[in-house]
Visitor: 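Got a structure for you, questions after.
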Amino acid sequence: MPFGQLLIEGLAMGACYGLFGLAVVIIYRTSEVINFAAGTMAVFSTYIAFHMITFYGHPFWLAFFFALVFAALLGMFVEFFFLRPAKNPTLLGLIVITIGVQLLFGGLVCWKWTADQQAFTIPFSYQVIYEPLPGVFISQWAVAVFVIAAVIVTLLFFFFKYTKLGTAMRATQQNKHAAKIVGIKTDRIFAFSWAFSSVIGVTAAMLISSRTILDPEFMMEPFLRAFAAAVLGGLMSVPGVLLGGGIMGLIENFFGYAMPAWKPITAFVVIVLVLCVRPSGLFAKHYVKKV
Amino acid sequence: MLKVNNIETWYDLIRALHGISFTITQGDVVALLGSNGAGKTTTLKTIMRLFYDLKEEQPEKGTIEFLGERIDRKDTDEIVKMGIGYVPEGREVFPELTVLENITIGAYTRRDKAGVKSDLENVFYHFPILKSRKNQQAGLMSGGEQQMLAIGRALMSRPKLLMLDEPSLGLSPILTQEIFTIVKNINEKDGVTILLVEQNVNMALKYSHFAYLLENGKIVRADKPEVLREDEDIKEFYLGIATEQSVKGYKRYRRKVRFR
Ligand SMILES: Nc1ncnc2c1ncn2[C@@H]1O[C@H](COP(=O)(O)OP(=O)(O)OP(=O)(O)O)[C@@H](O)[C@H]1O
Ligand SMILES: [Mg+2]
């Protein structure tokens, strides 16, 4: 494969990891927990779209939007029924809850759709290759990934920066106690962040699935890579996690090409290295509270 | 305007407030004084119903009435909407929001755009420094500026009652003076009733119309500042004015204070 294509496909995969990492970061910033169920929740929602297309014959876009709505409800459901009832939880307790949710939905998906591998197709195929400049190849799938990622990130930017709800979300992330004092219903903000995260997660998952495979476990590795991307970005910053995702995608693609045996563990090597050198991530910023 | 009646607040098995009652009259500046750990912050948090996360039934006993309506089982955002503004201990600004965002989010519960705009001008009138720094990140402001920001934020909900928790904490005497003057202006010009929690008893007595003294979760004195200023215990233990030694030459031990 030529260098240019490795680069572009790597970046496209990286954009998917970045998006999924964004889903992880949004929850981490509000609830201060890594949602280990993120992958499985996205799988569940992807299967909903798959089911609608395959068994009911609905057009892709209808299934796509339905999956987004389902994902939003699923996110709120998990927040409301699993995380909210835990009063004064410890961090470990919350993590255990998310792992429990992961097992629950993992089991549910296996039971409903079996563990067989399926093909999930979207209207953008990775086998259709364009050559915009002589020698530069880019697949239709990669184009779709870049466009969707750009749209989501732009929308997120404006949402967080200029809307009242977006500002309230940032405020709640920074100081929950103060957010309550100004009259923000922080419980709703939490539910909303889970919905938000879940929607972005399923979008990334559908893109990833159409490039790889659909089975109950297909988000396992992408989740870990996205997590690595989020750690690279310091778990807090949006540009950080996107950059982290890009780095992960590139490392994986080039390693996968040169040394295929090493591909699966690159993510962990990167996490360990980053945590050794800069424990708070590459792009973390810190504010010291003034007296 | 605010009527607190025999409230008890518990932290798990520790009772922090042992049945506190007090009232605040419209238009007054009321001081709530007391040493560390007396329960001042707990009182304010109980009024704002910020312990809901810990336990649904807080306060465990007693009632709180604001403008004739029970608020001891209302949600915090409703209490804000009814007109209680709260400036918490230690400022608690949103460090990564800009100064302007911090101020405008104070109006989160409001829908009247025009009113919010004129209140923003009013905040800038009271605190000109906030206007010149409006695009700076709040976390990078000095402690005193953050205190002003926290007060400005609370004013944006157009409160009828403003509760300030130790606004002078960590500020220089000059800045403390400035903050107190502004608080006085807010009370007189904007007609906002003020509940002032303070360790700086001298200052608080100077600016208030009525004062309560809290000790170990109980109210032990309630009187006008002129009267409290002459109180032997307050003179010695809060104002630091040494009284004459007792006949035997021992230092006087603190009398057990009791109220009524
Ligand atoms: N979260 C908590 N858990 C357990 N006990 C607490 C908690 N917060 C406060 N207390 C206890 O409740 C009592 C009253 O505390 P409070 O913070 O109201 O005091 P304060 O009058 O505001 O003191 P300061 O002037 O130092 O701010 C103290 O004995 C304190 O130890
Ligand atoms: Mg206090």
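Computed from a predicted structure; not experimentally measured. Naming: A, B, ... by sequence-line order, numbering from 1 per chain.
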Visitor: Should we count CZ of A:R188 as having more than 12 external heavy atoms under 6.0 Å?
Guide: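 Count not over threshold, so no.
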Visitor: Heavy atoms, side chains only, cut-off 4.5 Å: are A:I184 and B:D77 in contact?
Guide: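 They are not in contact (no side-chain heavy atoms under 4.5 Å apart), so the answer is no.
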Visitor: State the NZ-OH distance between A:K180 and B:Y86, to the nearest 0.5 angstrom.
Guide: 12.5 Å
Visitor: Taking all non-hydrogen atoms of both residues, which atom of A:A171 and which atom of B:I105 are closest, and how far apart?
Guide: CB-CD1, 3.5 Å
Visitor: With a 4.5 angstrom heavy-atom cut-off, is it the side chain or the backbone of B:V93 that approaches chain A, or both, or neither?
Guide: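 The backbone, not the side chain.
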Visitor: Taking atom CD1 of B:I174 as the centre, report whether more than 12 heavy atoms of other residues, nucleotides or ligands fall under 6.0 Å from it.
Guide: no
Visitor: Does anything in residues 166-201 of chain A pair up under ring-ring contact (aromatic ring centres under 6.0 Å, His included), and if so which pairs, sequence neighbours excluded?
Guide: A:F159-A:F196, A:F192-A:F196
Visitor: Counting only heavy atoms from other residues, nucleotides and ligands, does the tally under 6.0 Å from CD of B:E78 exceed 12?
Guide: yes
Visitor: Of the backbone (N, CA, C, O) and the side chain (C-beta and beyond), which part of B:A107 lies under 4.5 Å from a heavy atom of chain A, both, or neither?
Guide: backbone
Visitor: Taking non-hydrogen atoms and a cut-off under 4.5 angstrom, which of residues 111-129 of chain B neighbour chain A?
Guide: B:R111
Visitor: Looking at B:Y108 and A:V182, what are the two nearest heavy atoms and their distance?
Guide: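 Closest pair (atom of B:Y108, atom of A:V182, distance): CB-O, 3.9 Å.
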Visitor: Side-chain contact, heavy-atom cut-off 4.5 Å: A:K161 with B:E101?
Guide: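 Counting from C-beta outward, A:K161 and B:E101 do come under 4.5 Å.
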Visitor: For B:K74, I'd like to know if atom NZ has over 12 heavy atoms of other residues, nucleotides or ligands within 6.0 Å.
Guide: yes
Visitor: In the structure I gave you, are the side-chain heavy atoms of A:I181 and B:P88 within less than 4.5 Å of one another anywhere?
Guide: yes
Visitor: Measuring from atom CG of B:L97 to atom CZ of A:R170, what distance do you get when rounded to the nearest 0.5 angstrom?
Guide: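 If I round to the nearest 0.5 Å, the distance is 5.0 Å.
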